[in-house]
Amino acid sequence: LNSRHIVMSMALRDRISGESVPRALLGFGITDEVFAATATQPGSISDRDLLLTEALAYSGWIGGTIAGFLAGAVLPAIVEQAMGIALYAMFIALLVPAVIRFPRYLVPAAAAGGLNWMLQWAGISAGAALLLAIAATASLFAVSPDWTESSAE
């Protein structure tokens with residue numbers, strides 16, 4: 001699952017401009033949220049802007065973890081159970097900006113969703129189906145010369 005960070009880092013690496021922030025530090029901070037926020041921006045990405053984005057995301061992560069822990073002690077059980085839906089909403093929120101900028105990205109997103117549904121229908125667990133669908137769809141579209149980022153602009 002975490003091998004996605006290799007792909008995200010490779011996709012951003014050549015777009016980073018500036019020499020004031022060590023590359024290892026920038027690589028450490030690339031998460032799904034940071035990637036979604038920066039990959040959809042055209043042109044180069046300032047190393048300082050990327051570091052600021054990473055610091056804000058990390059602060060949000062820590063703050064959200066603390067707030068969630070504290071809220072979990074006072075929320076009713078039904079609300080806690082409903083929070084599982086929030087994870088799917090987050091993935092949709094990460095996908096929408098890319099689809100708005102590049103409407104054709106809806107094709108691989110829909111393909112991954114369809115494959116995920118078929119794999120679950122075939123009896124594969126939800127987690128494994130999701131990972132397989134993402135990996136298979138990303139691999140298929142990554143090797144297709146008509147689906148590179150430069151051909152999408």
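Values in this document were obtained by computation on a predicted structure and should not be read as measured data. Scope of the values below: all heavy atoms of this structure, side chains included, with no hydrogens, waters or symmetry mates.
A pairwise comparison of heavy atoms in Ala129 and Ile124 identifies N-CG2, 3.6 Å as the closest pair. Listed here is the closest heavy atom pair of Arg101 and Gln41: NH1-C, 4.1 Å. Here the closest non-hydrogen pair linking Val34 and Gly29 is CG2-O, 3.7 Å. Taking each heavy atom of Ala135 and Ser139 in turn, the nearest pair found is O-OG, 2.8 Å.
Residue Leu115 holds its CG atom at 10.0 Å from CD1 of Ile134, rounded to the nearest 0.5 Å. Rounded to the nearest 0.5 Å, atoms CD1 (Ile100) and CG (Leu106) are 11.0 Å apart. Rounded to the nearest 0.5 Å, atoms CG (Asp49) and OG (Ser44) are 9.5 Å apart. For the atom pair Ile16 CD1 and Thr38 OG1, the distance stands at 8.0 Å (nearest 0.5 Å). For the atom pair CG of Leu56 and CG of Leu52, the computed distance is 4.5 Å after rounding to the nearest 0.5 Å.
A donor-acceptor contact shorter than 3.5 Å is absent between the side chain of Arg13 and the backbone of Arg23.
Every pair tested for side-chain hydrogen bond (donor to acceptor under 3.5 Å, both in side chains) that includes a residue from residues 51-73 fails, sequence neighbours excluded, so the list is empty. Every pair passing side-chain hydrogen bond (donor to acceptor under 3.5 Å, both in side chains) that includes a residue from residues 109-128 is listed here, sequence neighbours excluded: Asn116-Gln120.
By the 6.0 Å contact criterion, CD1 on Ile78 is open, its count of non-hydrogen atoms from other residues, nucleotides or ligands being 12 or less.
Met10 and Val7 are not part of a single hydrophobic cluster, where members link through side-chain heavy atoms under 4.5 Å apart. Each of Phe35 and Tyr105 belongs to its own hydrophobic cluster when Ile, Leu, Val, Met, Phe, Trp and Tyr are linked at side-chain heavy-atom distances under 4.5 angstrom. Leu132 and Leu130 are members of different hydrophobic clusters when ILVMFWY side chains are connected at heavy-atom separations under 4.5 Å. Linking ILVMFWY side-chain heavy atoms closer than 4.5 Å, directly or via other members, places Val107 and Leu140 in a single hydrophobic cluster.
The side-chain contact (heavy atoms from CB on, under 4.5 Å) test with Leu50 is passed by exactly one of Ile45, Leu25, Val21: Ile45.
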